[in-house]
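Read through the structure below, which is laid out as structure tokens, and then see the notes.
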Amino acid sequence: MRWLLLIFWIVLIIAVFWLLGRLVFPMPTRADEAKETATPFDPETTFGPRAQEATADHPGQSGVVPLADGTQALQSRIALANGAERSLDVMYYIWHQDESGMMLMSALRDAAERGVRVRLLLDDNGIEGWDPMLAALNGLPNFSVRLFNASPIRRPKLAGFALHPLRMNRRMHNKAFIVDGAAAIVGGRNIGNEYFAVGDAPAYLDLDVLGVGQVVPDTAAIFDEYWNSAPVVALDRVVPGPGDMAAFDKAVSEARSSEAGRAFAETARTPAERMAGGEAPQMEWTEVDVVADDPAKGIGEVERGELMITRLSDILGNVDRNLDLISAYFVPGKEGSRFFADLAGAGTKVRILTNSWRATDVPMVHAGYVKYRRELLEAGVELFELKPREGALTGKAELGPIGSSGASLHAKTFSVDDARLFIGSFNFDPRSALLNCEMGFLIDSPGMAQTGAEAMTDRLGGRSYQPMLTENDKMVWREPRQDGGARLLESEPGLGLLDRVAVYVLNVLPIEWLL
């Protein structure tokens, strides 16, 4: 009886402190912040004539070019920032303070100082340590910073998750970079060395798209919707100025003078650089839809039928011949597993590539995927699990929710019937479907769709384990060899005894909705 009474008082005290904490540190609100909209396209800018000419030749369409190479993807962003004359609207989930992050942020600061209006929207979950420098940048005349679902407690920020777990668990996973209303980059990359192959650390395999034409105002409209949405607040509501510009200048100088920074400065010209120089990059002109979640998803005020996953499901529902899906984090759930199984059962060729246990940087997600692997294989779905590159660290020394393989797949893309291709931030997992805000380009392009499917088969398939079922229903993994042959592994590669226990425990826990 005494133990029950003690437990009661402990729970009561925790509840009281939790309620007091929510009163003292409420979630910040927009209050009387003014609504802002994108700067209209100006044909008098450097990018203007090329964009206007191209749009006139292809009314209502969009020109797109994939940015598969990480170094070029970063250089394209810097080139666009350096060439901007009116506006830069930028939104990202993660922004690191490494060479990539500092050089790109410096390009934004330089643009603001020459009169360009810079609006930077960041998810508060991915900007660890940035507060003093962002406050300094936010104090510049043309530089505005806003945060998505900002924690009311800055240090330790996790305390904000404890006080407001439902709200703080909803993040903005979007990635977009828009310049002068003339060009936009959307895709799967965050901002950091591992996303752009800068430095010695192994890079993620990822994909972005540079777009011009109709896709740009469509993307800008989505940015405005987020910039003015309820989950978004001005930085100075949670991080007071004046900040530390000296620390920013020092970090930028160190990034540029580092070995990785100097090596990056020697990279070749990119499509964006050629565009800034007056050249027309080789683009494919076609129909492109910008698909995005309503930002109200960030406060849990969107009906299930209005989620981005619903639009994608409608699109995927029209699959006739083949579906090639690449998802860094793949947890289909019961409905998704049934959907893919039904497609395969109807004669559609379904191939899905995700990270292997050895390559994943989020072991919890792999555990969620394992739960559905056998069911998918029995239905005829072909699965591929990307191997880490030889010599890359496996990161399993820190077995837990966040590991670090350093050689993981990060792309999120799918190809349907060799006719249309989706590239964006959306993973096929419960978190992307129900919690995080996501966006991407849906491109009507047989050429790009077929290239994406071939890359999975010819390039990534050869770097992947392929789980299969034998005639006696035993699961094995086919591992390709460099000589063109293959060997069969009777147990999951890299999964030791303790790992198996961890996967089992993670599968038992009721956490799939968080993955």
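Remember, it's a predicted structure, so these values are computed and weren't measured experimentally.
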**Asked** Is it true that R154 and D124 make a salt bridge, defined as a side-chain N closer than 4.0 Å to a carboxylate O?
**Response**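 D124 and R154: salt-bridged.
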
For this session: Salt-bridge test for D324 and R351: reply yes if a basic N is under 4.0 Å from a carboxylate O, no otherwise.
Result: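 Yes, this pair counts.
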
Donor-acceptor pair, distance only, cut-off 3.5 Å: does the side chain of [X] make one with the backbone of [Y]?
X	Y	result
D69	T71	yes
D98	N193	yes
T360	V362	yes
S106	M102	no
R189	F196	no
S229	Y226	yes
E85	T46	yes
R463	K387	yes
R109	M105	no
S253	K250	no

Aromatic ring pairing [X]/[Y], orientation class (parallel under 30°, perpendicular over 60°, tilted between):
X	Y	answer
Y92	W95	perpendicular
Y195	H96	parallel
W130	F248	tilted
Y329	H410	perpendicular

A side-chain contact here means heavy atoms from C-beta on lying under 4.5 Å apart; do [X] and [Y] qualify?
X	Y	result
P480	R478	yes
E287	Q61	yes
Y369	N355	no
N149	D123	no
L134	V239	no
S76	I185	yes
K297	M308	no
V118	V90	no

Could you tabulate the donor-acceptor pairs under 3.5 Å formed by side-chain atoms of residues 210-221, not counting sequence neighbours?
residue, atom, partner, partner atom, Å
Q214, NE2, D218, OD1, 3.0
T219, OG1, V215, O, 2.7

Quick one: closest heavy-atom pair of [X] and [Y], and the distance?
X	Y	answer
K412	N427	CG-OD1, 3.2 Å
W357	P493	CD1-O, 4.0 Å
L386	L205	CD2-CD1, 3.7 Å
N436	R170	OD1-C, 4.4 Å
D244	A247	OD1-N, 3.0 Å
A449	S415	O-OG, 3.0 Å

Begin from the C-alpha positions of V331 and R431 and carry the test side chain to side chain contact (heavy atoms under 4.5 Å, CB included) through to its verdict. CA-CA 9 Å; V331 184; R431 171 161 289 279; over 6 Å; no

As an exercise, state the distance from [atom1] of [X] to [atom2] of [Y], rounded to the nearest 0.5 Å.
X	Y	atom1	atom2	value
R358	H366	CZ	NE2	12.0 Å
S87	R119	OG	CZ	7.5 Å
N82	Q75	CG	CD	8.0 Å
D289	F441	CG	CZ	10.5 Å
E225	M439	CD	CE	10.0 Å
D89	S144	CG	OG	10.0 Å

**Prompt:** So V64 and M448, side chain to side chain contact (heavy atoms under 4.5 Å, CB included) or not? Walk me through it.
**Reply:** CA-CA 10 Å; V64 290; M448 290 179 64; 3.8 Å; yes

Quiz item: When the ring centroid of F428 is compared with that of F330, is the distance short of 6.0 Å?
Solution: no

Worksheet entry | side-chain contact (heavy atoms from CB on, under 4.5 Å), paired with F426, selected from I309, N174, D293 |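 The single option meeting the side-chain contact (heavy atoms from CB on, under 4.5 Å) with F426 is I309.
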
Sorted by chain and residue number, the salt bridge (Lys or Arg N to Asp or Glu O under 4.0 Å) partners of D444 (sequence neighbours excluded) come out as none

Open item on the list: Please determine whether side chain to side chain contact (heavy atoms under 4.5 Å, CB included) holds for the pair S464 and L353, giving the CA-CA distance in whole Å, both sets of side-chain angles, and the decisive distance to 0.1 Å.
Closed with: CA-CA 8 Å; S464 302; L353 172 68; 3.4 Å; yes

- Check the pair F148 / C437 against side chain to side chain contact (heavy atoms under 4.5 Å, CB included), numbers first and verdict last. CA-CA 10 Å; F148 187 95; C437 292; 3.9 Å; yes

**Request:** Decide side chain to side chain donor-acceptor pair (under 3.5 Å) for N142 and R114; before the verdict, give the C-alpha distance in whole Å, the side-chain angles of both, and the deciding distance to 0.1 Å.
**Result:** CA-CA 9 Å; N142 298 306; R114 64 175 183 267; over 6 Å; no

Note to self: salt bridge (charged side-chain N to carboxylate O under 4.0 Å, His left out) for E266 and R262? Distances and angles first, verdict last.
What the structure shows: CA-CA 7 Å; E266 299 173 358; R262 294 195 307 271; over 6 Å; no

